[in-house]
A.B. asks: 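Below: one structure in structure tokens.
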Protein chains: 2
Amino acid sequence: MFSNSSKYAIKAVLYLAIHSSESKKIRVKNISEPINVPQAYIAKLLQELSRHRIVSSTRGPNGGFFLSDANMKTLLIEIVNVIDGEDRLNSCLLSLHNCNSEKPCPLHDFARPFRTNFIESLEQNTIEDLARDVKRGKSFLPL
Amino acid sequence: MFSNSSKYAIKAVLYLAIHSSESKKIRVKNISEPINVPQAYIAKLLQELSRHRIVSSTRGPNGGFFLSDANMKTLLIEIVNVIDGEDRLNSCLLSLHNCNSEKPCPLHDFARPFRTNFIESLEQNTIEDLARDVKRGKSFLPL
DNA sequence: ATTAAAATATGATAAAAGTCATATTTAGGA
DNA sequence: TCCTAAATATGACTTTTATCATATTTTAAT
Ligand code: FES
Ligand code: FES
């Protein structure tokens with residue numbers, strides 16, 4: 001479904017959503033441990049996310065990563081698209097490329113309802129929404 | 001969702017379901033082309049499937065692969081499990097391992113209803129069912 | 001029996017995904 | 001201004017997945 005990298009990215013951004021703010025930056029060392037991802041790996045992913053303005057960062061002493069108010073509105077699909085590319089979630093289950101709902105492949109109907117639904121969830125929900133669920137005890141960490 | 005190998009395997013078995021029989025064996029050369037998978041690759045997968053009695057085969061002249069009546073009853077999940085292992089479809093979206101419906105991770109509810117449903121389809125439908133859909137014009141090839 | 005045609009077993013190579021290492025740049029504090 | 005702490009850029013290494021190649025075994029036909 002997601003690549004490993006996307007899972008890591010989501011975990012990292014969610015961690016920042018819950019624990020960081022403009023006035024409380026977190027450095028990569030202190031992100032990697034609680035989300036259980038190798039430091040050098042998550043550093044690279046955060047840099048990529050930063051380039052796409054999905055997370056914010058400042059360098060130097062007391063620098064680190066954080067989510068701005070705007071960052072909190074990031075849709076989950078944006079994170080996945082940046083890391084995995086736009087095709088991964090949409091491609092045919094059997095990788096047939098000229099298939100669609102008019103000419104569905106033999107597995108199309110097994111998965112379509114779910115997939116549509118799932119992708120819509122990713123398109124409609126923000127990081128802020130996920131963080132809120134956690135705060136309300138609707139979903140759980142640790143990551 | 002599926003690995004490439006699983007997709008190939010499903011395509012190959014489905015092709016056999018539609019075109020082969022005990023009295024009409026098909027050799028690997030004549031499977032690989034219509035399903036659009038490299039010959040050496042699909043050969044290896046068919047051997048693995050054969051070892052697990054998901055397809056049948058005989059060697060020597062006029063040999064080849066085919067599906068016995070029993071093979072036609074193979075559940076789709078069996079193919080996937082043989083090729084991808086049993087965990088791939090079931091693991092948490094964020095790869096958290098101590099998560100369940102009691103303590104769902106932040107993405108759990110996005111995907112669970114659909115995933116359960118999808119896996120059930122794979123557990124309930126056989127290759128024969130897929131082939132029937134194709135024959136009835138409910139779903140389409142080519143692979 | 002001999003030969004040829006097929007699957008089978010085994011392993012080598014290539015490409016992609018995941019992981020690690022390090023030199024450079026930026027920003028803050030002494 | 002100079003030093004230090006942080007992200008950034010770049011690239012090397014490792015593991016997994018995908019792909020290709022080949023020698024062996026089995027079976028059928030002559
Ligand atoms: S999943 Fe194959 S046609 Fe839609
Ligand atoms: S998908 Fe993560 S807990 Fe179920």
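Quick caveat: nothing in here was measured; it's all calculated off a predicted structure.
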A.B. asks: Rounded off to whole Å, could you give me the CG-to-P distance for the A:Asp84 and C:dA17 pair?
C.D. replies: 9 Å

A.B. asks: At under 4.0 Å, does any side-chain N or O of B:Asn62 touch on OP1 or OP2 of C:dA5?
C.D. replies: no

A.B. asks: Would one find a side-chain N or O of A:Arg51 under 4.0 angstrom from OP1 or OP2 of D:dA9?
C.D. replies: yes

A.B. asks: Do the ring planes of B:Phe118 and B:Phe2 sit parallel (below 30°), tilted (30 to 60°) or perpendicular (above 60°)?
C.D. replies: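 Ring orientation, 0 to 90° scale: tilted.
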
A.B. asks: For C:dA27, take OP1 and OP2 only and decide whether either is under 4.0 Å from a side-chain N or O of A:Thr58.
C.D. replies: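 Result: no.
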
A.B. asks: Round to the nearest Å and state the distance from A:Phe2 atom CZ to C:dG18 atom P.
C.D. replies: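 Atom-to-atom, A:Phe2 to C:dG18, this comes out as 13 Å.
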
A.B. asks: From NZ of B:Lys44 over to C1' of D:dT19, roughly how many Å is that when rounded to an integer?
C.D. replies: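 These atoms are roughly 8 Å apart.
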
A.B. asks: Rounding to a whole Å, what distance do you find between B:Gln47:CD and C:dT8:C1'?
C.D. replies: 5 Å

A.B. asks: Is it the case that the base of D:dT8 and the side chain of A:Arg59 share a donor-acceptor contact (distance under 3.5 Å, atom types as modelled)?
C.D. replies: no

A.B. asks: Give the rounded distance in Å between these two atoms: OH of A:Tyr41 and C1' of D:dA7.
C.D. replies: 19 Å

A.B. asks: Could you tell me whether the side chains of A:Ser139 and A:Asp133 share a donor-acceptor contact shorter than 3.5 Å?
C.D. replies: no

A.B. asks: Just checking, any donor-acceptor pair under 3.5 angstrom between side chains of A:Tyr41 and A:Ser5?
C.D. replies: yes

A.B. asks: Closest-nucleotide mapping onto DNA chain D: is A:Leu46 or A:Pro61 further toward the 5' terminus? I mean the 5' end.
C.D. replies: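 That would be A:Pro61.
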
A.B. asks: Separation of B:Glu48 atom CD from D:dT17 atom C1', in whole Å?
C.D. replies: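 Going from CD in B:Glu48 over to C1' in D:dT17 covers 14 Å.
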
A.B. asks: Can you find a side chain N or O atom of A:Tyr8 that sits less than 4.0 Å from OP1 or OP2 on C:dG18?
C.D. replies: no

A.B. asks: Between C:dT25, C:dG18, D:dC20, spot the one nearest the side chain of B:Ala40, thanks.
C.D. replies: D:dC20

A.B. asks: Would you kindly give the CG-to-C1' distance between A:Asp87 and C:dA16, to the nearest whole Å?
C.D. replies: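 It is 16 Å, rounded to the nearest whole Å.
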
A.B. asks: Which nucleotide, C:dT8, D:dA18, D:dT8, lies nearest any side-chain atom of B:Ser5?
C.D. replies: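 When the side chain of B:Ser5 is considered, D:dA18 is the closest of C:dT8, D:dA18, D:dT8.
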
A.B. asks: For A:Arg27 and D:dT4, give me the distance from atom CZ to atom P, rounded to whole Å.
C.D. replies: 16 Å

A.B. asks: Could you pick out which residue, A:Gly60 or A:Asn4, lies toward the 5' side of DNA chain C when each is mapped onto its nearest nucleotide?
C.D. replies: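 It is A:Asn4 whose nearest nucleotide is closer to the 5' end.
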
A.B. asks: Is there a side-chain contact between B:Ser50 and the phosphate of C:dT8, meaning an N or O under 4.0 Å from OP1 or OP2?
C.D. replies: yes

A.B. asks: Is the closest basic N to carboxylate O distance between A:Arg132 and A:Asp129 below 4.0 Å?
C.D. replies: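 Salt bridge present between A:Arg132 and A:Asp129.
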
A.B. asks: Going through the distances and angles, do B:Phe66 and B:Ser21 end up as a side-chain contact (heavy atoms from CB on, under 4.5 Å)?
C.D. replies: CA-CA 5 Å; B:Phe66 64 99; B:Ser21 68; 6.0 Å; no

